[in-house]
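Inspection log for the structure reproduced underneath, given as structure tokens.
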Number of protein chains: 4
Amino acid sequence: MIQVNYRDVRPIYEQIIDSVQKLVITDALLPDEKLPSVRELASKLAINPNTISRAYRELEREGYVYSVCGRGTFVADNRTLKTEHVRALLQNFDETAAELMDLSVGKEVLQKRLDRIEKGVWNDTGK
Amino acid sequence: MIQVNYRDVRPIYEQIIDSVQKLVITDALLPDEKLPSVRELASKLAINPNTISRAYRELEREGYVYSVCGRGTFVADNRTLKTEHVRALLQNFDETAAELMDLSVGKEVLQKRLDRIEKGVWNDTGK
Amino acid sequence: MIQVNYRDVRPIYEQIIDSVQKLVITDALLPDEKLPSVRELASKLAINPNTISRAYRELEREGYVYSVCGRGTFVADNRTLKTEHVRALLQNFDETAAELMDLSVGKEVLQKRLDRIEKGVWNDTGK
Amino acid sequence: MIQVNYRDVRPIYEQIIDSVQKLVITDALLPDEKLPSVRELASKLAINPNTISRAYRELEREGYVYSVCGRGTFVADNRTLKTEHVRALLQNFDETAAELMDLSVGKEVLQKRLDRIEKGVWNDTGK
DNA sequence: GTGGTCTAGACCACC
DNA sequence: GTGGTCTAGACCACT
């Protein structure tokens with residue numbers, strides 16, 4: 001479930017954080033569900049355990065997961081996180097759209113893109 | 001033209017960078033046009049010249065301006081920057097919209113937001 | 001003869017300088033030959049005359065051309081420039097090749113590239 | 001490991017950048033390995049911490065390292081950097097060789113230089 | 001302790 | 001005058 005792209009410019013721990021965040025936000029991982037252990041995930045992804053550890057620590061700091069010493073790391077039950085996440089996305093959406101319109105990209109263009117995305121044909125060829 | 005908000009959380013040099021980028025992208029500053037000198041802008045904004053220098057340096061690195069030692073800093077004549085900027089914004093738009101729909105934010109909601117933004121009523125109350 | 005690519009990241013005056021340097025070094029422009037006037041070249045390339053002027057000034061400073069007030073700009077007769085240019089290129093060649101071999105790119109690979117370049121099939125597809 | 005020559009014309013921060021880049025590219029520094037802290041390296045090289053900081057900042061921007069506030073600066077795990085580096089060197093090699101041949105430097109001359117470089121006798125006398 | 005930011009002031013080369 | 005570099009020293013947030 002948690003995937004990493006070695007060829008990505010972003011550091012691996014950041015990719016892991018994003019990956020877990022999405023799984024939590026989209027309910028793909030449910031509250032109190034156990035995450036793979038640091039060592040398990042490390043060997044599975046062929047990555048230094050320290051990298052995983054750092055990612056989990058960061059996720060705990062941000063409230064996405066909680067760790068129980070000697071037992072493992074689990075998904076936190078924090079509904080406010082989701083609404084906060086959506087709020088941030090909407091703000092980003094507004095700002096991006098506003099700047100695009102400033103640069104004379106018509107509203108119609110953006111609406112067509114929304115249509116395409118809704119139909120699930122959103123991909124690299126959809127530029 | 002170039003403005004800075006001292007109470008902003010973002011570092012001053014970053015605000016200057018964003019400010020100049022927008023001026024260049026929107027053609028408010030034309031190619032080969034001279035930017036205020038480091039010392040001039042520094043005294044105008046009541047800021048240390050080093051901070052301006054840093055902003056100009058990064059802008060040069062990113063291709064928005066070019067500096068000629070002893071003469072000044074000028075707007076770069078790079079038209080690809082603008083199309084690249086729009087391309088990046090559109091990609092951000094798509095990704096954000098897709099993630100929002102994933103989180104069951106309906107297309108209609110986003111379209112209403114586009115309407116509001118188009119009408120220029122996009123502001124803090126629109127969050 | 002002098003060409004400029006507006007979509008290039010490099011500033012235009014730099015492209016002009018490089019362009020003229022090559023023409024002089026390769027004897028495409030002979031000593032005492034007249035260069036197009038600032039205004040003429042400016043209108044031909046649809047560029048601000050100041051940009052041309054800056055390029056010519058720089059070329060004069062580096063010894064590639066000389067300007068006669070009221071008459072125009074001419075190619076300098078400086079044979080040492082060419083040997084110096086070749087020397088710089090050879091040093092660059094050596095350093096680049098050494099670093100490539102350091103990174104375990106075999107000599108054979110580089111030799112094949114020389115062959116291809118000699119045959120004139122050196123182009124973008126020749127990667 | 002990281003060395004600086006105060007008598008070099010190049011700025012110190014640039015020497016540090018080049019130094020670290022080579023260590024990363026040649027795998028002398030492995031992904032997630034910790035670099036000396038800004039203050040540590042500064043005192044070791046008898047240099048102002050700001051200069052180190054600037055070098056690290058630019059290295060982060062270019063993707064060679066990543067910094068975590070409060071923890072330190074680490075080698076980025078980006079394998080594409082290395083292939084990209086080789087690609088850029090090969091392009092430089094091609095362009096330089098092509099220009100040399102244009103200036104009637106024979107292929108044989110360049111091949112002899114490759115031989116010399118391979119045998120490790122590439123040094124100042126090889127100019 | 002770590003890096004990130006900013007200020008103040010200096011010297012250089014170039015125009 | 002211009003930008004480029006470097007130093008010295010300060011404060012911040014984070015671990």
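By convention in this document, chain letters (A, B, ...) are assigned in the order of the sequence lines, proteins followed by strands, and residues within each chain are numbered from 1.
- Going from atom CG of C:L35 over to atom CD1 of C:I52 covers 11.0 Å, rounded to the nearest 0.5 Å.
- Applying the salt bridge (charged side-chain N to carboxylate O under 4.0 Å, His left out) rule to pairs touching residues 65-75 of chain B yields nothing, sequence neighbours excluded.
- Sorted pairs that involve residues 44-53 of chain B and meet side chain to side chain donor-acceptor pair (under 3.5 Å), not counting sequence neighbours, are lacking altogether.
- Non-hydrogen atoms lying under 4.0 Å from DNA chain F are contributed by D:I47, D:N48, all within residues 28-49 of chain D.
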Strand DNA chain F in bracket notation, Watson-Crick/G-U under 3.5 Å with | for pairs to another chain: ||||||||||||||.
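- Side-chain N or O atoms of B:Q15 include one that pairs as donor or acceptor with a backbone N or O of B:N5 at under 3.5 Å.
- Contacts of A:D32 classified as side chain to side chain contact (heavy atoms under 4.5 Å, CB included), with partners at least two apart in sequence or in another chain: A:Y66.
- Residue B:T73 has a polar side-chain atom (N or O) positioned under 4.0 Å from OP1 or OP2 of F:dG3.
- Residues that satisfy the salt bridge (Lys or Arg N to Asp or Glu O under 4.0 Å) test with B:K34, not counting sequence neighbours, are absent from this structure.
- Sorted by residue number, the members of residues 3-21 of chain D with any non-hydrogen atom under 4.0 Å from DNA chain F read D:P11, D:I12, D:Y13.
- Counting only residues at least two apart or in different chains, salt bridge (charged side-chain N to carboxylate O under 4.0 Å, His left out) contacts with residues 14-28 of chain D comprise D:R10-D:D18, D:D27-D:K82.
- Here the side chains of D:L59 and D:Y13 are not in contact, with every heavy-atom distance at 4.5 Å or above.
- Contacts of C:E60 classified as salt bridge (Lys or Arg N to Asp or Glu O under 4.0 Å), with partners at least two apart in sequence or in another chain: none.
- Partners of D:R57 under the salt bridge (Lys or Arg N to Asp or Glu O under 4.0 Å) rule, at least two apart in sequence or in another chain, do not exist in this structure.
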Check: protein-nucleotides 13-15 of chain F nitrogen or oxygen pairs below 3.5 Å:
residue, atom, partner, partner atom, Å
F:dT15, OP1, A:R61, NE, 3.1

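- The side-chain heavy atoms of B:E99 and A:H85, taken from C-beta on, include a pair separated by under 4.5 Å.
- For B:I52 and E:dT5, the CD1 to C1' distance is 14 Å, given to the nearest whole Å.
- For B:R54 and B:V68, each mapped to the nucleotide of DNA chain E holding its nearest heavy atom, the one lying further toward the 5' end belongs to B:R54.
- Note: CD (B:E60) to C1' (F:dG3) measures 9 Å, nearest angstrom.
- Scored by the salt bridge (Lys or Arg N to Asp or Glu O under 4.0 Å) test, C:D102 finds no partners at all (sequence neighbours excluded).
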side-chain contact (heavy atoms from CB on, under 4.5 Å) evaluation trace for C:V75 with C:L30: CA-CA 7 Å; C:V75 176; C:L30 294 176; over 6 Å; no
